[in-house]
Amino acid sequence: MEKTMAHVSEEVTKEQLIADLNVVVADAEALLKATAGHGGDALAAVRAKAEASLGVAKEKLSAAQTALLDKTRAAAKATDEYVHVHPWQAIGVGTAVGLLVGLLIARR
């Protein structure tokens with residue numbers, strides 16, 4: 001169960017990273033579009049290199065997002081199977097977590 005919680009925490013971090021990188025890619029694309037009318041061979045070369053890098057980054061983000069979704073589905077399936085095999089243990093863990101959250105909220 002502890003491994004699952006650590007795995008979920010790691011996946012939340014991955015989700016945040018993917019979201020942040022998507023924002024960076026969108027901003028970089030907007031910057032490239034905004035500077036498209038500005039001349040210069042050096043600027044055109046830099047723009048072409050940036051566009052190529054953005055293409056690679058988009059592909060990697062897409063692959064990471066797909067892998068993250070697959071892992072999330074696998075974790076959800078494993079949790080579902082565990083709860084069906086060990087219902088009383090799942091109820092006990094859920095009760096303990098609820099009690100802990102209740103105590104933490106009451107302390108404020």
Side-chain angles (χ1 to χ4, degrees):
M1 187 72 163
E2 291 176 25
K3 288 182 182 179
T4 303
M5 295 301 280
H7 185 67
V8 169
S9 176
E10 179 181 317
E11 294 207 6
V12 169
T13 304
K14 287 180 184 178
E15 287 176 359
Q16 291 169 342
L17 179 62
I18 288 172
D20 291 345
L21 286 174
N22 280 327
V23 170
V24 169
V25 168
D27 290 346
E29 286 178 332
L31 179 63
L32 287 173
K33 288 178 185 176
T35 61
H38 297 28
D41 290 335
L43 186 58
V46 170
R47 190 178 303 116
K49 185 176 178 181
E51 286 174 351
S53 296
L54 280 174
V56 170
K58 279 183 173 182
E59 289 175 15
K60 287 183 180 181
L61 279 173
S62 178
Q65 198 166 16
T66 302
L68 182 61
L69 286 173
D70 291 343
K71 287 181 181 180
T72 302
R73 287 186 187 114
K77 184 178 179 182
T79 302
D80 184 54
E81 290 174 1
Y82 180 84
V83 168
H84 281 92
V85 173
H86 303 94
W88 290 108
Q89 289 176 346
I91 290 171
V93 169
T95 302
V97 169
L99 181 64
L100 180 62
V101 169
L103 289 173
L104 290 174
I105 290 173
R107 290 184 81 190
R108 291 184 184 200

- Message: Just verifying a value: how many Å separate Thr95 OG1 and Leu100 CG, rounded to the nearest 0.5 Å?
- Response: 12.5 Å
- List in chain and number order the residues that pass side-chain contact (heavy atoms from CB on, under 4.5 Å) with Lys60, two or more places apart in sequence or in another chain; answer none if no residue qualifies. Val56
- Backbone of Lys58 reached by a side-chain donor or acceptor of Ser62 within 3.5 Å: no
- Message: Applying side-chain contact (heavy atoms from CB on, under 4.5 Å), can you list everything that pairs with Asp80, at least two apart in sequence or on another chain?
- Response: His84
- Query: How long is the span from the OG1 atom in Thr79 to the NZ atom in Lys77, to the nearest 0.5 Å?
  - Reply: 12.0 Å
- Task: For Val101, check side-chain contact (heavy atoms from CB on, under 4.5 Å) against everything at least two apart and list the hits.
- Result: Val97, Ile105
